[in-house]
Amino acid sequence: MEYAKSGYPATIIRPTAIYGPGDPARFLMIFKWANRGYFPMFGDGKTFYHPVYIDNLVDGFLLAMEVGRGNGEAFIIADEAYYPIAELVMAYR
């Protein structure tokens, strides 16, 4: 944001939990633990997990890069749906 305040064109992209080809292991970790029958659930499992599919994240980057769009702005890039973590774990088991 300091670059934008200094007059440089800058846009901040804040992705949520990325999944899909090249998954940085967030979802893989959840699925491995769930497959073993053990998942270290902190709290009641109602904490929301908000994923973004890699193709949707790339689309967000491309939109933010358009000339005159997003300069000096910050965007959270996420898919439409979000899920309680317990629901994700139970759906995999």
Side-chain angles (χ1 to χ4, degrees):
M1 197 57 79
E2 293 302 316
Y3 284 105
K5 290 177 183 175
S6 297
Y8 294 101
T11 303
I12 297 169
I13 301 294
R14 295 184 175 128
T16 57
I18 305 164
Y19 73 99
D23 182 349
R26 286 184 185 113
F27 278 93
L28 181 59
M29 175 189 66
I30 291 170
F31 296 143
K32 280 183 178 180
W33 283 342
N35 193 40
R36 290 183 198 140
Y38 171 76
F39 185 83
M41 189 75 65
F42 297 101
D44 59 8
K46 293 180 182 178
T47 300
F48 288 112
Y49 204 73
H50 203 153
V52 61
Y53 188 68
I54 187 64
D55 290 353
N56 297 337
L57 177 58
V58 170
D59 289 345
F61 270 96
L62 294 173
L63 286 170
M65 289 172 36
E66 290 180 4
V67 176
R69 192 171 197 181
N71 189 30
E73 300 289 330
F75 298 98
I76 296 172
I77 308 295
D79 288 347
E80 186 174 346
Y82 51 92
Y83 309 92
I85 191 70
E87 185 178 315
L88 283 176
V89 171
M90 296 310 287
Y92 184 74
R93 297 176 97 196

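Keep in mind the model is a prediction, meaning the values are calculated, not measured.
Contact annotation: the side chain of His50 never approaches that of Val52 to less than 4.5 Å [non-hydrogen atoms, C-beta and beyond]. Pro84 has its side chain out of reach of Thr47: every pair of non-hydrogen atoms, C-beta onward, lies at least 4.5 Å apart. Using a 4.5 Å cut-off on side-chain heavy atoms (C-beta onward), Ile13 and Phe61 make contact.
The six-membered or imidazole ring of Tyr83 lies away from that of Tyr49, with a centre-to-centre distance of 6.0 Å or more.
Residue Tyr53 qualifies as enclosed at atom OH: its count of foreign heavy atoms under 6.0 Å is above 12. The number of heavy-atom neighbours closer than 6.0 Å to CD1 of Ile76, taken from other residues, nucleotides and ligands shown, is 12 or below.
Of the candidates Asn56, Ile18, Leu57, Leu57 is the only one forming a side-chain contact (heavy atoms from CB on, under 4.5 Å) with Ile77.
Ile54 and Pro21 get closest at one heavy-atom pair: CG2-CD, 3.9 Å. Taking all atoms of both residues into account, the shortest heavy-atom contact from Ala4 to Gly72 is CB-CA, 3.6 Å. In terms of heavy atoms, Ala81 sits closest to Pro51 at O-CD, 3.7 Å.
Here the straight-line distance linking atom CZ of Phe75 with atom CG of Leu63 works out to 9.0 Å at 0.5 Å rounding. With values rounded to the nearest 0.5 angstrom, Asn71 atom CG is found 5.5 Å from Thr11 atom OG1. Taken from CD in Glu87 to CZ in Phe48, the straight-line distance is 9.0 Å, to the nearest 0.5 Å.
Applying the salt bridge (charged side-chain N to carboxylate O under 4.0 Å, His left out) rule to pairs touching residues 70-85 yields nothing, sequence neighbours excluded.
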